[in-house]
Structures are given as structure tokens and as C-alpha cells.
Student: 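Sharing a structure below in C-alpha cells format, with a few things to ask.
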Amino acid sequence: MAGVHLYFGGFGFPEPIGMRGFHLLAFVPVCFLLWPALKTSRMDRPTLLDWAWAVASGLPHAWVMWNWDVVSDRMEYVDPFGPFYMLLGITTIVTLLEATRRAVEPGLACMIIASLLYMLLGPWLPGVLNTRVFTWSEIVESAWLVPTAGGVYGPLTGIVATTIAVFILFGSFLQASGTGRLFTNLGAAAAGRFSGGPAKVAVVTSGLFGTMSGSSVSNVITTGAMTIPLMIRIGYAPAVAAGIEAAASVGGALMPPVMGAAAFVMAEITNIPYSEIVVAAAIGGVLYYFAILAAVHFEAKKLGLRPMTREEVPPWREVLADAHLLIPIGVLVWLMGARWSGNYAAFWACMAMVAVAFLRRRSRMGPRQILAALINAGLTMAPLAVTIAGAGIVVSCLTATGMVVAFGGIIKGLAGGSLPLLLILLAATVLVLGMGIPTTPSYIIAAAIGVPQLIEMGIPMLAAHLFIFYFAVLADATPPVAAAAFAASAIAKSGPTISSLHATRFGIAGFTIGFAFIYDPAIMFQGSAWTIFAATATQVAALTLITSAWAGFLLRPLGWPLRLLVGAAGLFGAFGHVVPDDARLGVVIIMLGLAFTGQWMTRLRTAPG
């Protein structure tokens with residue numbers, strides 16, 4: 001099935017609904033055959049009950065794949081939704097819930113159930129939670145057969161079935177060819193003598209790739225297949241490694257020169273030249289990755305991850321022996337930079353990988369290695385397919401109940417004319433909208449809701465749009481539904497929720513920079529050279545303090561009193577926009593200097609001899 005996805009990526013996909021049905025038919029039943037129902041269940045082979053679940057889960061998707069024209073031509077909520085549709089829809093929902101419980105985690109299954117219950121119980125809830133009455137058929141139809149608004153066959157599943165699936169295959173081919181060995185050796189040779197060095201290389205790699213692709217989940221799959229195992233190997237916990245990769249991959253959409261599709265949409269909406277948007281976002285993108293690197297450094301110091309010994313660091317000739325494997329990555333970046341479709345670029349990158357691997361015996365891929373790559377790709381796709389389909393149900397429920405659109409009026413009334421409160425509420429709104437919704441539509445909807453309110457309060461258009469854009473991007477890494485973190489957790493074999501919490505921690509700069517766009521226009525290269533320098537320096541010092549306090553380490557472990565003081569000073573520098581900029585800069589510089597000096601003196605006093 002993974003091989004069929006690869007073929008489609010290069011030679012064209014079937015009609016969208018049919019492709020989504022095929023994708024779920026390929027990978028949902030697999031979850032019942034490979035993941036046991038309980039810890040006490042048989043682990044060596046599936047039971048008859050597992051086979052029954054697998055067959056039941058595949059039947060609705062097979063029907064949709066075969067009858068894609070019927071689904072596409074239906075008028076949603078208008079055409080009859082009879083008993084046969086009800087049976088297929090309920091079967092889809094129930095089997096998807098069980099597959100999610102087995103292959104992903106019970107928490108996501110509970111969230112899907114809560115969303116469906118909200119549609120059922122909404123008419124009896126008070127205030128803004130109140131909804132119109134939904135019949136059972138409307139609830140099942142919205143979750144299953146309303147692809148324009150989300151649901152099982154919505155745009156999320158479409159993205160996974162096409163672009164992301166081929167990127168998963170490329171990541172698997174990278175592993176099979178030995179590119180993982182290349183990155184391991186490169187990271188060790190370049191940064192192995194520094195604490196947590198390979199993880200820092202992983203951050204930079206994910207960021208550089210993300211600037212070209214603009215898709216956080218595909219970034220995770222492509223680079224995470226190499227970087228996450230590397231980070232786990234040097235001592236990071238699986239959930240922490242997944243969080244680092246998710247935060248770094250999400251940030252690719254924030255970093256010029258490409259910034260993903262949403263930035264091009266921003267140019268169309270605002271009539272602001274794309275080049276101007278890129279310049280305005282440049283400092284923020286660099287600061288985002290600075291904060292991740294700082295957090296990774298402090299985390300490594302706290303964990304005591306020692307540098308590699310001289311014997312463990314490979315010589316550069318060992319790195320150069322695999323240098324030819326960078327060619328397919330260059331092909332992918334070049335094609336993406338030339339604005340080829342992601343799936344087509346990834347397909348040719350896969351072909352290039354097979355061809356280039358034959359240049360040296362150590363990387364050559366025979367039929368056995370290619371088959372193993374396809375199998376590994378399929379094993380990665382299965383839980384991701386279930387995860388995204390489940391997230392689609394949550395999105396569909398929020399859309400059908402009107403909660404997505406109602407947020408605009410609600411937050412305006414709650415803000416009561418207060419700009420700080422309006423920003424907080426808008427940020428929360430965008431993060432809620434981003435629960436499983438791709439960045440571009442999330443940004444479009446949120447901009448329609450929030451930008452007019454910000455402009456009404458005197459905020460420039462570009463700053464307002466960048467604020468919304470940042471939080472739309474960060475939604476892919478923040479719980480409860482974090483597509484990028486979920487993809488990373490599938491590779492790291494860690495819990496999706498805890499991985500998304502770590503992703504939020506490492507991506508903290510996205511929150512501070514988002515607010516800086518509103519209060520510190522100098523961060524968008526607006527103003528004098530001094531104001532630009534001061535705004536940037538304030539963020540650098542503040543993010544250093546925040547990441548240090550969160551890790552509990554600067555030059556040495558921070559005690560709780562100093563840790564709280566350092567963290568408070570960092571938060572004041574990042575968010576204390578009620579005081580003059582020079583005052584904030586002075587506070588963070590003084591606090592950083594005092595903490596650094598104090599720890600330096602303590603280390604000198606406690607040093608042996």
C-alpha cells in the first residue's frame with residue numbers, strides 16, 4: 001500500500017474522495033492487526049476478534065473509495081442520510097475510535113467522543129455553549145460524510161493521503177540508504193564535542209528543510225526519521241526528542257525565504273508585497289530558532305549529556321564517504337524551491353535516492369532494502385492516518401456547532417476594549433482553530449475573525465496578520481491536537497500529548513515574538529537602527545532567561561528561588577510591554593548579567609583545587 005502511494009505521488013492521484021477512502025482502507029485495518037487490544041492480549045499474532053475489527057473498519061472506506069462520485073455529488077445535510085449511511089458512518093466512527101485507542105492513545109479517542117457528545121448535548125448547555133438541536137443522522141453525517149467541513153474524509157486526510165504520505169516514504173528511503181548514518185556522523189563530527197551537539201544539528205536541519213517545504217508534519221516525517229533516533233541515542237527522552245523535532249519543524253513555516261503557503265496567502269489578502277512580508281518576518285524566524293537552540297543547550301547541560309570522546313567522533317573522511325546521499329535532499333529542496341508540488345518533489349527525491357545510493361556499495365539499496373523502506377513507511381503511515389482522521393472529526397464537530405465562527409463575537413465582547421486581553425483571546429482562538437486544521441485554512445479563518453478587530457484598535461495590517469499567522473503555525477505543536485507533535489511521537493514511540501507539551505516548551509519563542517509584532521514594530525525592521533537593535537536584544541536576553549529557567553540550568557543548576565526570579569525577569573522582558581522598551585532591555589540585561597556572574601563565581605569557588 002505504501003508503494004501504491006509512492007506511485008500516485010509521481011503519476012497523479014485519483015479523485016480526492018476516492019484517494020482518501022483508499023488511504024484509510026489501506027491503513028486503518030492494519031492498526032487492529034499490529035497493535036493488540038490490551039496489554040494482556042496476544043502479542044505474536046492477531047486474534048479472530050482483531051481480524052473482525054479489521055474487516056469491519058475497512059468496509060466503509062472500501063465503499064467510499066468505490067462510490068467516490070456518489071459522495072462528491074451529495075448535497076451535505078440536504079440529500080437523504082438513510083439507514084445504510086447510518087450503519088456505515090457508525091461503523092467508521094466506532095472502529096476509528098478503537099484504532100485510535102490502540103495505535104495512538106486513549107486521550108485522543110476521549111476527545112473525539114467529547115466532541116460528538118457536545119453536538120448531542122449542546123441544546124441543553126447554557127450560554128455560549130448552547131447549540132441548535134442535531135439529529136443522530138446529522139451528527140454521524142458531519143463526522144463521516146461532510147468532507148468540505150472536516151470529518152473523516154476532510155482536507156486533513158487528503159493532505160496525509162497525498163503529500164505527507166510521499167514525504168513519509170522519502171524519509172523511509174533516507175533511512176534505508178544510510179542517510180541516517182550520514183547525519184549521525186555529520187552531527188558528531190560538527191558538534192559532537194559540544195554538549196547536546198547532535199540535537200542542535202537536528203534543530204538546524206529541521207529548520208532549513210522547513211524553510212522550503214512549509215509543511216510542519218512533512219518536515220517532522222522527513223527529518224525526524226533521522227534526527228529523533230539520533231537525539232534519543234545521545235540521551236534525550238523520547239518525548240523530549242519528539243518535542244524538539246516538532247518545535248523545530250513547525251518553525252520552518254516562520255523562517256524566510258519561503259515560509260509556506262500561508263505567507264503567499266497573506267500577500268494576496270493584504271496586497272503587501274511578499275518580499276516585504278519576508279523581511280518583516282526575518283528577525284522573528286531567527287529568534288525562534290535561537291530559543292530552541294538555547295533550550296536544547298540548557299537541557300543537555302541539565303541532563304549531563306557529555307560531549308563525545310575523541311574516539312567516538314568520526315573522522316571527516318567517514319562523513320564524506322556518504323556525502324553523495326545529500327544529492328536527493330538537494331533535489332527535493334530545489335524542486336520545492338521551484339514551487340513543484342510537494343508529492344511530486346518527494347517522489348523524484350525518492351527516485352534520486354535509489355539511483356544515488358548505487359554510487360557506493362555501502363549505501364546501495366537492493367530489492368530487500370527497498371521493500372524494508374516501504375514496510376517502514378507503511379508502519380509510520382498507519383497510526384498517523386488514524387490520528388488525522390480522528391482530528392478531522394473534532395474539527396467537523398466544532399464547525400457544525402458554529403463554535404468556530406462564534407468565537408469572533410465572543411472574544412470581542414469578552415475583551416471589552418482591552419488590547420492585551422483581545423490579543424490573549426485571539427491567540428487562544430487561533431490555537432483552538434488550529435486543532436487539526438492545516439496552517440493555511442486556520443490562518444485564513446482566524447484572520448477573518450481577528451484582523452479587523454486589531455485594525456480597529458489601531459494595529460497596522462502587517463503586524464496584525466503576522467500575529468495571527470504565528471499562532472496558526474504554532475497550533476501544529478500545541479496540545480490537545482498537535483499534528484506535528486503527533487507525527488513526531490509516532491517516530492519516537494512516545495505519548496502524543498506529552499510530546500506536544502514538550503514541543504510547546506521548546507517553541508516558547510513563537511508566543512513571545514507573536515506579541516512582539518504588535519508592541520515592538522522594530523522587530524519587523526521598522527524604526528531606527530537603535531530601536532531595531534534594542535527590540536532584538538531584549539528578545540534574545542528574555543528568551544535566554546526563560547529557557548534557562550524552564551530547564552533549571554544556566555552555568556550550573558538553578559535553585560528554585562533563583563529559577564523563579566530568572567523566569568520572572570525573562571517573562572517581564574518578553575511580555576512587559578506596558579513599560580518603555582529601554583527599561584525592559586535594562587532589566588533583562590541586568591538580570592542575565594547578575595545570574596551569569598553569580599553562577600560563574602559559585603562555580604569558581606566550588607571547582608576542585
Side-chain angles (χ1 to χ4, degrees), residues 100-101 104-112 114 196 199 202-203 206 216-217 219-220 224 227-228 231-232 235-251 254 288-289 291-300 302-303 383-384 387-388 390-391 394 424 427-437 439 442 470-514 543 546-553 563-564 567 570-571 574-575:
T100 302
R101 185 191 69 82
V104 186
E105 69 169 10
L108 181 57
C110 292
M111 185 183 303
I112 298 170
V203 171
S206 299
S216 57
V217 177
N219 296 348
V220 168
T227 60
I228 290 176
M231 286 186 277
I232 293 174
Y236 287 98
V240 173
I244 293 172
E245 177 60 44
S249 294
V250 162
L254 307 174
Y288 181 86
Y289 279 100
I292 299 179
L293 289 170
V296 166
H297 174 77
F298 293 134
E299 188 80 13
K302 180 184 71 173
L303 296 174
L384 183 61
T387 299
I388 299 302
V394 176
I424 293 172
T429 301
V430 180
L431 293 176
V432 170
L433 283 173
M435 290 197 310
I437 302 178
T439 298
S442 174
Y470 254 64
F471 285 96
V473 170
L474 290 173
D476 268 353
T478 53
V481 180
F486 284 9
S489 68
I491 299 173
K493 296 180 174 58
S494 60
T497 300
I498 188 64
S499 297
S500 64
L501 290 173
H502 282 295
T504 304
R505 171 166 74 97
F506 286 104
I508 185 66
F511 296 89
T512 70
I513 296 164
L543 289 170
I546 292 172
T547 53
S548 173
W550 208 321
F553 196 99
R563 188 175 181 179
L564 293 174
L571 292 173
F575 296 108

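Sequence positions, counted from 1, serve as the residue numbers for this chain.
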Student: Is there a donor-acceptor contact under 3.5 Å from the side chain of Tyr236 to the main chain of Ile228?
Tutor: no
Student: Tell me the closest heavy-atom pair linking Val250 and Ala484, and the distance in Å.
Tutor: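 Answer, listing the atom of Val250 first, then Ala484: CG2-CB, 3.7 Å.
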Student: Specify the closest pair of heavy atoms between Ala242 and Ser489, including all atoms of both residues, with the distance to one decimal.
Tutor: CB-N, 4.0 Å
Student: Tell me every residue that passes ring pair (Phe, Tyr, Trp, His ring centres under 6.0 Å) with Phe511, counting only those two or more places apart in sequence or in another chain.
Tutor: Phe471
Student: Set out, in order, the CA-CA distance, both residues' side-chain angles and the distance that settles side-chain contact (heavy atoms from CB on, under 4.5 Å) for Phe486 and Ile388, then state yes or no.
Tutor: CA-CA 9 Å; Phe486 284 9; Ile388 299 302; over 6 Å; no
Student: Can any side-chain N or O of Arg563 pair as donor or acceptor with the backbone N or O of Ala549 at less than 3.5 Å?
Tutor: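 Flag set: sc Arg563 to bb Ala549 pair under 3.5 Å.
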Student: Treating Tyr289 as the side-chain partner and Ala248 as the backbone partner, does any N or O pair qualify as donor plus acceptor under 3.5 Å?
Tutor: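 The answer is yes, because a donor-acceptor pair under 3.5 Å joins these two groups.
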Student: Identify the two heavy atoms, one from Tyr288 and one from Ile513, that lie closest to each other, and give their separation to 0.1 Å.
Tutor: N-CD1, 3.7 Å
Student: Let me confirm one number: the CD1-CZ distance from Ile424 to Phe575, rounded to the nearest 0.5 Å.
Tutor: 9.0 Å
Student: Report the C-alpha separation of Arg505 and Glu299 in whole Å, then their side-chain angles, then the decisive distance to 0.1 Å, and conclude whether the side-chain contact (heavy atoms from CB on, under 4.5 Å) test is met.
Tutor: CA-CA 11 Å; Arg505 171 166 74 97; Glu299 188 80 13; 3.0 Å; yes
Student: Test your reading of the model: is there a side-chain donor-acceptor pair from Ser548 to the backbone of Phe553, 3.5 Å cut-off?
Tutor: yes
Student: Roughly how far, to the nearest 0.5 Å, is the CD1 atom of Ile244 from the CD1 atom of Ile292?
Tutor: 9.0 Å
Student: If you look at every heavy atom in Thr512 and Ala574, which pair is closest and at what distance?
Tutor: CG2-CB, 3.8 Å
Student: Closest heavy-atom contact between Phe298 and Ala551?
Tutor: CB-CB, 3.6 Å
Student: Which pair of non-hydrogen atoms, one from Ala509 and one from Ala291, has the smallest distance, and what is that distance?
Tutor: CB-CB, 3.4 Å
Student: State which residues pass ring pair (Phe, Tyr, Trp, His ring centres under 6.0 Å) with Phe506; sequence neighbours excluded, sorted by chain then number.
Tutor: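 Result, ring pair (Phe, Tyr, Trp, His ring centres under 6.0 Å) vs Phe506: none returned.
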Student: As an exercise, state the distance from CD1 of Ile508 to CG of Leu571, rounded to the nearest 0.5 Å.
Tutor: 7.5 Å
